[in-house]
Amino acid sequence: MPGICDGFQRGIDYLRISVTDRCNLRCIYCMPSHGVPLVSHQDILSYEEILLVVRAAVEIGMNKIRITGGEPLVRAGIVDLVRMIALVDGIQDISMTTNGILLDKYAGRLAEAGLHRINVSMDTMKPDRFRRITRTGDLSDVLRGLQSAREAGLDPVKINVVPMQGINDDEIKDFARMTLEKGWHVRFIELMPFDAAIGLIPADRLHHEIERLGTLEPHYGLAGNGAAKYYRLPGAGGTVGFIEAISEPFCNRCNRLRLSADGTLLPCLFSTDGIDVRAPLHGGATVHAIKQLLLDAIAAKPEMHRLSNNCAAHTRMSGIGG
Ligand code: SAM
Ligand code: SF4
C-alpha cells in the first residue's frame, strides 16, 4: 500500500517507538540526577502490543521503524522485538538509537535479528567528561559498542553529539576530524533547552568551526529519515550532519509519528497531548481499531511545532525517545 499523507501533504512513513522510559545513564540535558518518575511496568506496552501497532502502521503505508527509549537496550528481550518487527511484511527499514553502553553485548544479535542501522549517542571523546555529562557512564563501553556495531554489519553507524556551550564545544572539530580519519558519520543535534543552565551552540558556529578543516559540501544518499542535513569534508569517508529542531525546524519534511513507552501516539515531538493506544490495546483492540488511531494521530499533526527556545517542561526526551 502506498504511504499516507497528512493534512499538509507530507508523506508519513516513519514510526519512532520508545520501548522504555528507563535508562542506565543520566545525561545532564535529558534527566535530573535522581532520574524521572517512571511509568509502572503494567503501563508499558508489551512487545505483542507494540507489534500490533507496527502491523497497523504497515497497513496504512508506514514502512520505517526506529526503536528508542529511554535506553532501548535495557529492556529485556529487545532482540526478540527487533526480530518480530523484521518479520512484518512491508517493513523496509529498522533502526535504533542507543547510548551504546550495552551495545558490545547486543550488536551481533541485533544485526542477526534484522536491525539495519544504528545511531549511538556520544557527546565527548574524553572519558572524564563522558562521566560528567552522563553522570554514570564509562566511555570505553560505548567505544567497544561502536566497534561491535560496525563488525556486525550495521550500516550506517551514526554518532549523535549534542554540542553544549562550555561543556564539549571544544571537541566539535575533533568529531568532524573523525569523519576524515575514521570515516565516522557524526550528527550534531541542537540542544533542546529543558535546562536553561545549559546553552546550545548555533549551527552557524558549528559550520564555521568545522570549515577550518575544509569546505563542507552537501551530501545526499546516507540512509536516514530526513531530520538531518548532511555534508562531507573534502576526502572524508564519513559525513557531518546537523539537526536543528529549533533554530531551523525540519517540520516541512516531517514524516513521522512517535509512540511513547506508555502507549501514547504523539503527532509531534512537542505535542502536549497525544492519542492513547494503551487502553484500547489492553482492552483487546484489533489491528483495524489501531489503524484508525494512527490515522487520527496523522490528522492531528500540526504544520509546525510552536517551540522557540523554551521547551515545555512537561515532557523530556527520555520519555519520547528524541
Ligand atoms: N538513550 C538513547 C540515547 O541516548 O541515544 C535513546 C534515547 S535519547 C532520548 C535519543 C536522543 O535524544 C539522543 O541522541 C540524545 O542525545 C537526544 N537528546 C536527549 N535530550 C536532548 C535534549 N535536551 N536536546 C537535544 N537532544 C537530546
Ligand atoms: Fe538516557 Fe539517552 Fe536520556 Fe542519556 S539521552 S539520559 S542515555 S535516554
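Each ligand, and each atom within it, is numbered from 1 in the order the structure gives. These values consider heavy atoms only, across backbone and side chains, with no hydrogens, waters or symmetry-generated copies.
- For ligand 1, the atoms lying closer than 4.0 Å to a non-hydrogen atom of Glu71 are 1 (N), 2 (C).
- Which parts of ligand 1 touch Asn160 is read off a 4.0 Å heavy-atom cut-off, strictly below it: atoms 14 (O).
- Against a heavy-atom cut-off of under 4.0 Å, Thr68 is close to the following atoms of ligand 1: 6 (C), 7 (C).
- Taking a cut-off of under 4.0 Å to the non-hydrogen atoms of Gly70, the atoms of ligand 2 that pass are 8 (S).
- Ligand 1 has no nitrogen or oxygen under 3.5 angstrom from a nitrogen or oxygen of Gly69.
- Proximity to Asn99 (heavy-atom distance under 4.0 Å) selects the following atoms of ligand 2: 7 (S).
- By the criterion of a heavy-atom distance under 4.0 Å, the backbone of Thr98, and not its side chain, is placed next to ligand 1.
- Checking only distances, Tyr29 does come within under 3.5 Å of ligand 1, N or O to N or O.
- Looking only at atom types and distance, the side chain of Arg16 has a donor-acceptor partner in the side chain of Tyr14 under 3.5 Å away.
- Among the candidates Lys64, Gln92, Arg256, the single residue satisfying the side chain to side chain donor-acceptor pair (under 3.5 Å) test with Asp13 is Lys64.
- Donor-acceptor pairing under 3.5 Å is recorded for the side chains of Asn99 and Glu71.
- Residue Cys27 approaches ligand 2 through these ligand atoms, each under 4.0 Å from one of its heavy atoms: 4 (Fe), 5 (S), 6 (S), 7 (S).
- The residues Arg131 and Asp128 are annotated as not salt-bridged, no charged nitrogen and carboxylate oxygen being separated by less than 4.0 angstrom.
- For the ligand labelled ligand 1, residue Gly70 lies inside the 4.0 Å heavy-atom shell.
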* Start with the C-alpha gap between Leu52 and Val287, add the side-chain angles, then the distance that decides, and say whether side chain to side chain contact (heavy atoms under 4.5 Å, CB included) holds. => CA-CA 6 Å; Leu52 198 140; Val287 169; 3.9 Å; yes
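- For the residue pair Ser95 / Arg66, a side-chain donor-acceptor distance below 3.5 Å is found, with atom types taken as modelled.
- Between Ser121 and ligand 1, an N or O atom pair is found at a separation short of 3.5 Å.
- Minimum interatomic distance between Met31 and Asp21 (heavy atoms only, all atoms of both residues): CE-O, 4.2 Å.
- Residue pairs meeting the ring pair (Phe, Tyr, Trp, His ring centres under 6.0 Å) criterion with at least one member in residues 97-141, sequence neighbours excluded, do not occur.
- Proximity of Cys23 to ligand 2, defined as any heavy-atom pair under 4.0 Å, is confined to the side chain (atoms from C-beta onward).
- For residues 202-222, the set of pairs meeting the ring pair (Phe, Tyr, Trp, His ring centres under 6.0 Å) definition, not counting sequence neighbours, comprises His207-Tyr231, His207-Phe242.
- Below 4.0 Å from some heavy atom of Val162 lie the following atoms of ligand 1, by number and element: 16 (O), 26 (N).
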